[in-house]
Amino acid sequence: MTTSRLIMICFLVVVITTSSGVSCKKEKKHHPRQVSGVPEPSMAPGIQGPPGVVGQVSGVPEPSMAPGIQGPPGVVGQVSGVPEPSMAPSIQEPPGVVGQAPPPGIQGPPRPPVVTDVVFSVDGGQVLPNVPYYISFMSADYNMWICRMNPSSSDPKTCPHQPVMFTRPTIAPEPVMFILPPSTPDTVIRESTKLSIKFVNPSQCGESGVWRVANGEVVLGGVEGREDSLFRIHMTDSYYMFTIGESVYPDVYETSISLSNSAIGKDRLMANSGELEVLFFQHYPPEYNYY
């Protein structure tokens, strides 16, 4: 073999070797990442990856998300299948919680009854039965008060006596009491409740102090609870009025009590269609002294 042929063979061997190395490197450079049938540890379902791997996914839920299992203390937004004490049924909230409802089967404290149609005095609150009250015509500024006297006489001892609305009285006004029938359970005087009206002090003429209506006029000698001695109190715009008898039509008062319009300021109480508007005082105003 000649020298020139050996040189050519060596040259070809070098060229072939170099070409094979370049081709392998390029093929390795452009091949995609090898994928095998075995998933990486962090992706395998049911197998927890190594600790400290961010974004780790596994088939076992984290403790804070597992239903029915309470997460570690101090985890914000923890979800569990066990309700909190305030939400758990049949568990009472601790005492002192606003809006706490009593447990089933236990009745709460009783509510006070709603007060309706109660008659009020000017100075003593609710009008009560068997308590003395003075009766004035409308405002006390009129200085007209119910007295017990004979309207035809200037002598207060003249009999018989009857209720009189006395203007600027020269005798002491006489207080009255409101007597409820025994069958009435109320402890206060209410509008439209039947009641008897009775002077507090005993009579000097021997008649009972109970008011009654006779011949269209309010006189004395009545009997508590008897029909001719039962009155009602109704509220007007700003005052009260007395009625007696029964109403035939709804929202229509019975026979109202009015004044006789005496020229000498001693008005008898009449049962007719007028209105005697009055107020009640538990204490007689000291500025309205009788003469």
Side-chain angles (χ1 to χ4, degrees), residues 118-151 154 156-157 160-180 186-191 193-205 207-213 217-222 224 229-244 256-262 264-271 274-291:
V118 175
V119 177
F120 285 85
S121 67
V122 174
D123 58 348
Q126 298 177 344
V127 174
L128 306 176
N130 306 314
V131 173
Y133 292 94
Y134 295 90
I135 302 176
S136 75
F137 172 74
M138 300 179 68
S139 170
D141 294 337
Y142 286 94
N143 198 14
M144 299 171 62
W145 301 90
I146 289 292
C147 296
R148 183 179 192 170
M149 60 185 300
N150 188 312
S154 58
K157 296 182 179 180
H161 288 167
Q162 67 184 86
V164 173
M165 183 65 74
F166 201 169
T167 302
R168 294 183 296 275
T170 57
I171 61 175
E174 183 83 14
V176 301
M177 293 189 302
F178 302 108
I179 312 297
L180 294 176
D186 280 328
T187 57
V188 296
I189 302 300
R190 299 181 184 273
E191 295 180 44
T193 299
K194 287 187 175 183
L195 49 82
S196 296
I197 305 173
K198 179 181 179 180
F199 280 121
V200 174
N201 299 322
S203 172
Q204 298 177 356
C205 297
E207 73 265 348
S208 73
V210 179
W211 295 15
R212 68 184 179 96
V213 171
E217 187 172 348
V218 179
V219 294
L220 297 179
E224 296 179 16
S229 304
L230 290 176
F231 297 81
R232 287 187 174 94
I233 300 175
H234 299 277
M235 183 71 183
T236 63
D237 292 338
S238 302
Y239 307 98
Y240 294 100
M241 59 178 291
F242 294 114
T243 63
I244 191 168
S256 58
I257 305 301
S258 62
L259 297 179
S260 63
N261 295 323
S262 169
I264 60 175
K266 298 178 182 178
D267 294 298
R268 295 170 295 161
L269 307 187
M270 311 299 294
E275 290 184 6
L276 166 61
E277 293 185 307
V278 298
L279 290 176
F280 308 112
F281 290 79
Q282 191 169 0
H283 306 282
Y284 185 78
E287 61 270 26
Y288 298 103
N289 293 326
Y290 49 90
Y291 302 99

For Glu174, enumerate each residue passing the side-chain contact (heavy atoms from CB on, under 4.5 Å) test, keeping only those at least two apart in sequence or located in another chain.
Arg148, Phe199, Asn201
Would you say the side chains of Thr243 and His234 form a donor-acceptor pair under 3.5 Å?
yes
Without swapping roles, check the side chain of Ser229 against the backbone of Ser196 for a donor-acceptor pair under 3.5 Å.
no
4.5 Å side-chain heavy-atom contact, Pro285 and Trp145
yes
Hits for salt bridge (Lys or Arg N to Asp or Glu O under 4.0 Å) against Arg212, two or more places apart or cross-chain, chain-then-number order -> none
With sequence neighbours left out, what residues match Val131 under side-chain contact (heavy atoms from CB on, under 4.5 Å)?
Leu128, Tyr133, Gln282
Can you name the residues that form a side-chain contact (heavy atoms from CB on, under 4.5 Å) with Pro156, not counting sequence neighbours?
Ile171
Rounded to the nearest 0.5 Å, what separates atom CD1 in Ile189 from atom CZ in Arg232?
13.5 Å
Is a donor on one side and an acceptor on the other found under 3.5 Å between the side chain of Ser260 and the backbone of Asp267?
no
Please report the shortest heavy-atom distance between His283 and Tyr134, naming the atom on each side.
C-CD1, 4.2 Å
For the atom pair CZ (Phe231) and CE (Met241), what is the distance rounded to the nearest 0.5 Å?
12.5 Å
Listed by chain and number, what are the salt bridge (Lys or Arg N to Asp or Glu O under 4.0 Å) partners of Glu224, not counting sequence neighbours?
Lys198
Can you tell me how the ring of Phe242 sits relative to the ring of Phe178, calling it parallel under 30°, perpendicular over 60° and tilted otherwise?
tilted
Are Ile197 and Val210 close enough that some pair of their side-chain heavy atoms sits under 4.5 Å apart?
no
Would you check, one step at a time, whether the test side-chain contact (heavy atoms from CB on, under 4.5 Å) holds for Leu259 with Leu269?
CA-CA 5 Å; Leu259 297 179; Leu269 307 187; 3.6 Å; yes
For residues Pro169 and Asn143, determine if any side-chain heavy atom of one lies less than 4.5 Å from a side-chain heavy atom of the other.
yes
Answer yes or no: is there a side-chain heavy-atom contact under 4.5 Å between Ile135 and Phe280?
yes
Does the side chain of Pro173 come within less than 4.5 Å of Ile146's, by heavy atoms?
no
Here the gap from Met144 atom CE to Leu276 atom CG, rounded to the nearest 0.5 Å, amounts to 8.5 Å
For Val119 and Arg190, work out which heavy atoms get closest and say how close.
CG2-C, 3.9 Å
Quick one: NZ on Lys266 to SG on Cys147, what's the gap to the nearest 0.5 Å?
9.5 Å
Among Phe166, Tyr142, Phe281, which one satisfies ring-ring contact (aromatic ring centres under 6.0 Å, His included) with Phe137?
Tyr142
Asp141: what forms a side-chain contact (heavy atoms from CB on, under 4.5 Å) with it, not counting sequence neighbours?
Ser139, Tyr288
Rounded distance (nearest 0.5 Å) linking atom OG of Ser154 with atom CE of Met149:
8.5 Å
Find out whether Leu220 and Pro163 are in side-chain contact, i.e. whether some heavy atom of one side chain is under 4.5 Å from a heavy atom of the other.
yes
With a 4.5 Å limit on heavy-atom distance, are the side chains of Glu207 and Val219 in contact?
no
Report the C-alpha distance between Val278 and Ser136 in whole Å, list the side-chain angles of each, state the deciding distance to 0.1 Å, and finish with yes or no for side-chain contact (heavy atoms from CB on, under 4.5 Å).
CA-CA 5 Å; Val278 298; Ser136 75; 5.9 Å; no
Closest approach of Pro132 and Pro175, non-hydrogen atoms and distance?
CB-CB, 4.1 Å
Pairwise distance SG(Cys205) to CD(Gln162) - rounded to 0.5 angstrom
11.0 Å
Does any N or O in the side chain of Ser121 come within less than 3.5 Å of the main-chain N or O of Val127, such that one atom is a donor and the other an acceptor?
no
Give the intermediate values and the outcome of side-chain contact (heavy atoms from CB on, under 4.5 Å) for residues Val218 and Arg268.
CA-CA 7 Å; Val218 179; Arg268 295 170 295 161; over 6 Å; no
